[in-house]
Amino acid sequence: MISYIRALSLILCLFSADIRAAQPAMPKLIVVNYEATRNALPFAKVHEQFSVTGNSYKIESITKGLGVYALFGERRLTSVGNVTSLGLKPDHFELQQGDNPKKALIADFDWTKNSLQMTSKGEVKQDALTEGTQDLASFAYQFMFLPAPLKDAVVMTVTTGKKLNKYQYNINADIEFIESAGVKYKTLHLSQAIVPGKSESKEFWLAIDYHYIPVRILMVEDSGAKTEQTLTELHVE
């Protein structure tokens, strides 16, 4: 009986090791470049870097406008925080458009008091902080931490530094392939649930084999203007 139990334990250990080996390791570094269009015309180039050191993460996203859009200056997003078993837990977020610091949007997360402080044009606003809340830079990288495979719908609360909104993204069960810069990506299509009275929406195509990194992002504004962001380069370590 003892020999049988030992043999069974060994089999279970080997089986568990195989499962762990089959699961992709969480990346320590992701570098992505995107090309963006607005109403099908060249609009901007986006460079992002997601890095993990120990239990801390940092995300930097820089958008440089093209043509007349360059006059608005660089748009820089920064998010820092911790990596937990449930994913990213932001501590501080900033959005800076151009060189005027007065235009910055800032969000500070106080998880001890479950309080979110948002600062816009010098005005401070407090709101309740709920588990899983992300910021405008971190939410796109939170998908990789959600239970796989993603199905049905994903609900996420996101702060822009000015507002706090809850979004629901419905997941299309059909796999879609997107070829970009010579690479063919197998993607999962997420579309924002319709909100009565609002025509603004956002859709994502996430790379299934690359930690659900967005390959394509489509944003439709209330005015009907469409901004599309397409992956052109991806580096993962």
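Between Ile213 and Leu234, the closest side-chain pair of non-hydrogen atoms falls below 4.5 Å. Gln49 is not listed as a side-chain neighbour of Ile30, based on a closest heavy-atom distance of 4.5 Å or more. Met156 is listed as a side-chain neighbour of Gln142, based on a closest heavy-atom distance under 4.5 Å. No side-chain heavy atom of Arg216 sits less than 4.5 Å from a side-chain heavy atom of His189. Taking 4.5 Å as the limit, every side-chain heavy atom of Thr187 sits out of range of all side-chain heavy atoms of Ile208. Leu150 places a side-chain heavy atom less than 4.5 Å from the side chain of Leu206. Between Glu228 and Ile217 there is no side-chain heavy-atom pair separated by less than 4.5 Å. A heavy-atom distance below 4.5 Å is not found between the side chains of Thr78 and Phe93.
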Practice task
For Met219 and Arg38, run side chain to side chain contact (heavy atoms under 4.5 Å, CB included): C-alpha distance rounded to whole Å, both residues' side-chain angles, the deciding distance at 0.1 Å, then the answer.
Solution key: CA-CA 9 Å; Met219 293 164 281; Arg38 184 174 176 83; over 6 Å; no
Exercise for the section: Evaluate the criterion side chain to side chain contact (heavy atoms under 4.5 Å, CB included) for residue pair Leu188 and Asn172; output intermediate values, then yes/no. Expected result: CA-CA 7 Å; Leu188 201 59; Asn172 190 329; over 6 Å; no
Exercise for the section: Before giving the answer on salt bridge (Lys or Arg N to Asp or Glu O under 4.0 Å), spell out for Glu233 and Lys45 the whole-Å C-alpha distance, their side-chain angles and the decisive distance to 0.1 Å. Expected result: CA-CA 11 Å; Glu233 188 175 352; Lys45 291 184 180 294; over 6 Å; no
Exercise for the section: Using the side chain to side chain donor-acceptor pair (under 3.5 Å) rule, take Thr133 and Thr130 through it: C-alpha gap first, then chi angles, then the decisive distance, then the call. Expected result: CA-CA 6 Å; Thr133 297; Thr130 58; 3.2 Å; yes
Exercise for the section: Start with the C-alpha gap between Leu129 and Trp111, add the side-chain angles, then the distance that decides, and say whether side chain to side chain contact (heavy atoms under 4.5 Å, CB included) holds. Expected result: CA-CA 7 Å; Leu129 183 59; Trp111 295 101; 3.6 Å; yes
Practice task
Assess whether side chain to side chain contact (heavy atoms under 4.5 Å, CB included) is satisfied between Val236 and His211, documenting all intermediate values.
Solution key: CA-CA 10 Å; Val236 181; His211 307 284; 4.1 Å; yes
Practice task
In sequence, state the C-alpha distance, the side-chain angles, and the governing distance for Glu237 and His235, and then conclude on side chain to side chain donor-acceptor pair (under 3.5 Å).
Solution key: CA-CA 7 Å; Glu237 292 183 9; His235 175 76; 2.9 Å; yes
Practice task
Assess whether side chain to side chain donor-acceptor pair (under 3.5 Å) is satisfied between Gln126 and Gln117, documenting all intermediate values.
Solution key: CA-CA 5 Å; Gln126 301 281 347; Gln117 178 176 293; 3.0 Å; yes
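Residues Met26 and Leu86 do not share a hydrophobic cluster, defined by chaining ILVMFWY side chains whose heavy atoms lie under 4.5 Å apart. Criterion: ILVMFWY side-chain heavy atoms under 4.5 Å apart, direct or through other members. Under it, Leu190 and Val215 are not part of a common hydrophobic cluster. Clustering ILVMFWY residues whenever any of their side-chain heavy atoms sit less than 4.5 angstrom apart, transitively, puts Ile59 in a cluster other than the one holding Leu146. Clustering ILVMFWY residues whenever any of their side-chain heavy atoms sit less than 4.5 angstrom apart, transitively, puts Met118 in the very cluster that holds Leu136. Phe139 and Tyr34 are members of different hydrophobic clusters when ILVMFWY side chains are connected at heavy-atom separations under 4.5 Å.
In this structure, Ile194 places its CD1 atom where only 12 or fewer heavy-atom neighbours from other residues, nucleotides or ligands lie under 6.0 Å away. Other residues, nucleotides and ligands place more than 12 heavy atoms under 6.0 Å from the CG atom of Asn100. Environment of CG in Asn55: sparse, with no more than 12 heavy atoms of neighbouring residues, nucleotides or ligands closer than 6.0 Å. Other residues, nucleotides and ligands place no more than 12 heavy atoms under 6.0 Å from the CZ atom of Arg76.
A distance of 9.5 Å separates CG of Leu77 from CD1 of Ile62, quoted to the nearest 0.5 Å. The line from OG of Ser51 to CD of Glu60 is 7.5 Å long, rounded to the nearest 0.5 Å. Rounded to the nearest 0.5 Å, atoms CG (Asp108) and OG1 (Thr119) are 6.5 Å apart. Atom CD1 of Ile106 sits about 10.0 Å away from atom CG of Leu95, to the nearest 0.5 Å. Within the model, atoms OG1 of Thr230 and CG of Asn33 stand 12.5 Å from one another, a figure rounded to the nearest 0.5 Å. With rounding to the nearest 0.5 angstrom, the CG atom of Asp127 is 12.5 Å from the NZ atom of Lys163.
Judged by the 6.0 Å distance and 45° axis criteria, Lys186 is not positioned over the aromatic ring of Phe177.
Counting all heavy atoms, side chain and backbone alike, Pro149 lies closest to Tyr212 at CA-OH, 3.7 Å. Taking both residues in full, the closest heavy atoms of Leu105 and Ser120 are given as CD2-OG, 3.3 Å, listed atom of the first, atom of the second, then distance. Of all heavy-atom pairs spanning Ser61 and Glu48, the tightest one is OG-OE2, 3.0 Å. Contact detail for Pro42 and Leu66: the closest heavy-atom pair is CB-CD1, 4.2 Å. The heavy-atom pair separating Ser56 from Asn82 by the smallest distance is OG-OD1, 3.7 Å.
Residues meeting the ring-ring contact (aromatic ring centres under 6.0 Å, His included) test with Phe50, sequence neighbours left out: Tyr141.
Between the side chains of Asp135 and Ser79, at least one donor N or O sits under 3.5 Å from an acceptor N or O.
Between Lys121 and Glu123 there is no salt bridge, since none of the side-chain N atoms of the basic residue sits less than 4.0 Å from a carboxylate O of the acidic one. At a threshold of 4.0 Å, the pair Lys64-Glu74 counts as salt-bridged, since one of the basic side-chain nitrogens sits closer than that to a carboxylate oxygen.
Here Phe204 and Phe143 bring their ring centres to under 6.0 angstrom of each other.
For the pair Gln134 (side chain) and Gly132 (backbone), a donor-acceptor distance under 3.5 Å is present.
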What side-chain donor-acceptor pairs closer than 3.5 Å can you find for residues 164-171, not counting sequence neighbours?
residue, atom, partner, partner atom, Å
Asn165, ND2, Tyr167, OH, 3.2
Gln168, NE2, Asn170, OD1, 2.9

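If you chain together ILVMFWY residues whose side-chain heavy atoms come under 4.5 Å of each other, Val68 ends up grouped with Phe43, Tyr69, Phe72.
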